[in-house]
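Because the structure is predicted, anything quoted here is derived from the model rather than measured.
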Amino acid sequence: MGFPLPKKYRPQPASRAIVLGGGGSKGAYQIGVWQALEELGMGFQVITGTSVGALNGALMAQGDLEKAYDLWWNLNNTQVLQGIPDVEDSPDDRMAVYRAYIRQAVQNRGADTSPLEGQLRRLLDEDRLRASGVDFGVVTVDMTTLKPAQLFLEDMPPGTVEDYLMASASFFPAMRPKAIGESLFVDGGYYDNIPVDLALRAKTPVDEVLAVDVDGIGFNRRVHTDIPVATLRSYWDLGSILVFENAQIRRNIRLGYLDGLKQYRRLEGRAYAFRPGAMALMEEEYLEEMTRSVGMALEGLSGKSRLKIDKLMADRLTGSVARRRRVATPGELLAASAETAAELMDLDPTEIYTLDSFEDGVMAALEEQKERWAGRTLSLDDLRGLALPEWTQGMRAKGRELLLQTVLDNLRQHFSGGDTAIPAEMIALLAPREFLASLYLLLLERRAL
């Protein structure tokens, strides 16, 4: 039996800062991340935010996840802005929303945010926020002087927190500026949309920073620090910052939750969410065969030509990984190929998959696609007369599903020793996503036989 360490020798939990970026309706993603942090027991001592990140950050500092979740889960345009119509899933509805923004920007210097102010007034408890023990800061911009205002709670006079939160979220000219005293304030994204630097200047020293970037409009200032800064952002499109569409909001919450669990290794994957161990099992089952398939498909290339295609595939499939290395590892390319195949077949990214359920979903979608596009593929005749740089556009103009089916058919022919309409090396160069996705699909097909 061990003896307890004296208190001064016990390891202390990490002090963590959460930084929430601006991005309008995309801020629903941050609620999902917060849900994951809460579930994992990941505490935080500092929170900074800009725009919608400031609004979410205040509720986060208060510890009101349930109320924030309920607000976002039921949110739509009419609960945020006066005179901006609600939207269903149609382009005409979205155009009506954008026309309303333009009309109000011209007539009233931006949309009236009184519905949002009412929501904030209902949920914000300034006394509780100040007593939370969390160092909470926001960014806004003084429209009168064009200077940023970066404020922690102690910098805001009593009774003004709601005003500064609304100031930080006043996305002018789509929304009206916020008057505080003699000045007009607008969205903090005009200065720093992801205020990591502000978090590092909090009174509470932090050991690590988690920044949640929802791809909002604004300036992201570079920060030079030795403190680890992890940035969490969605692989998927989170929608328009100005359209509060309920179905998209609920999807974004779920995506944020899954990414939060992935950030702390409770789930695996990049675009999709897998149960722990799924990636290792995928490599065990497919890595050797996948590596061999890539080599066979690109056997006519060597030296700089092969390196160019390897780098291109890494850039297209593995994102930030490619910026750290010239090419991705075979394991990374395998995982990215599998997820790309699923994406091209519209597999639901809000589910949590085992390797078996993922493969079953991909194969079921592939069979449906084969039926829709039976007998229709692209040949060289379809693309004849196009210059090489125009080939990719010509291929994609025929449709995403048809392009994938064509690549898949050509690679089947290539591996069976038959004549191909389009050389495998050309496919890899012009359509690297479809090329690697098809190699993965062929692995699944062979396993199913």
Counting only N and O atoms by type, is there a donor-acceptor contact under 3.5 Å from the side chain of [X] to the main-chain atoms of [Y]?
{"X": "W236", "Y": "A271", "answer": "yes"}
{"X": "D64", "Y": "K67", "answer": "no"}
{"X": "R266", "Y": "Y264", "answer": "yes"}
{"X": "N77", "Y": "P85", "answer": "yes"}
{"X": "S183", "Y": "I180", "answer": "no"}

List the steps, then state whether salt bridge (Lys or Arg N to Asp or Glu O under 4.0 Å) holds for D215 with K26. CA-CA 8 Å; D215 194 28; K26 299 181 183 186; 3.8 Å; yes
Mind listing the closest non-hydrogen atom pair of M279 and A335 along with its distance?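 Here M279 and A335 meet closest at SD-CB, 4.0 Å.
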Write down the atom of S438, the atom of V407, and the distance for their closest heavy-atom approach.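 Result for this residue pair: OG-CG1, 3.4 Å.
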Does atom [atom1] ([X]) have a neighbourhood of more than 12 heavy atoms from anything else shown, all under 6.0 Å?
{"X": "R265", "atom1": "CZ", "answer": "no"}
{"X": "E39", "atom1": "CD", "answer": "yes"}
{"X": "Y235", "atom1": "OH", "answer": "yes"}

Check whether Y353 forms a cation-pi arrangement with R275 (NZ or CZ under 6.0 Å from the six-membered ring centre, at most 45° off the ring normal).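 Not satisfied by the 6.0 Å and 45° rule.
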Donor on one side chain, acceptor on other, [X] and [Y], under 3.5 Å:
{"X": "D112", "Y": "N108", "value": "no"}
{"X": "W72", "Y": "N252", "value": "no"}
{"X": "S240", "Y": "Y98", "value": "yes"}
{"X": "T354", "Y": "S357", "value": "yes"}

Does T204 have any side chain to side chain contact (heavy atoms under 4.5 Å, CB included) partners at least two apart in sequence or in another chain, and if so, which?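 Per chain and number, T204 pairs via side chain to side chain contact (heavy atoms under 4.5 Å, CB included) with S15, Q45, V46, D135.
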Any Lys/Arg nitrogen of R130 or E154 sitting under 4.0 Å from an Asp/Glu carboxylate oxygen of the other?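 Salt bridge flag = no for E154 with R130.
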So, D259 and K262, do they make that salt bridge, N to O below 4.0 Å?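 A salt bridge links D259 with K262.
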Pairs satisfying salt bridge (Lys or Arg N to Asp or Glu O under 4.0 Å), at least one member in residues 162-181, at least two apart: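 For residues 162-181, and leaving out neighbouring residues, the salt bridge (Lys or Arg N to Asp or Glu O under 4.0 Å) pairs sorted by first residue read E117-K178, R121-E162, D163-K178.
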Verify whether the ring centers belonging to F358 and F274 lie closer than 6.0 Å.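 Centroid distance F358-F274: below 6.0 Å, so yes.
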Pair W34 and F44, ring centroids less than 6.0 Å apart: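 W34 vs F44: aromatic centres not under 6.0 Å.
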Only one of V141, T50, I217 clears side-chain contact (heavy atoms from CB on, under 4.5 Å) with D187; which?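 So, applying the side-chain contact (heavy atoms from CB on, under 4.5 Å) to D187 and each of V141, T50, I217, only T50 qualifies.
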Got a sec, which residues hit ring-ring contact (aromatic ring centres under 6.0 Å, His included) with Y286, two or more places apart in sequence or on another chain?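 ring-ring contact (aromatic ring centres under 6.0 Å, His included) check on Y286 returns nothing, list empty.
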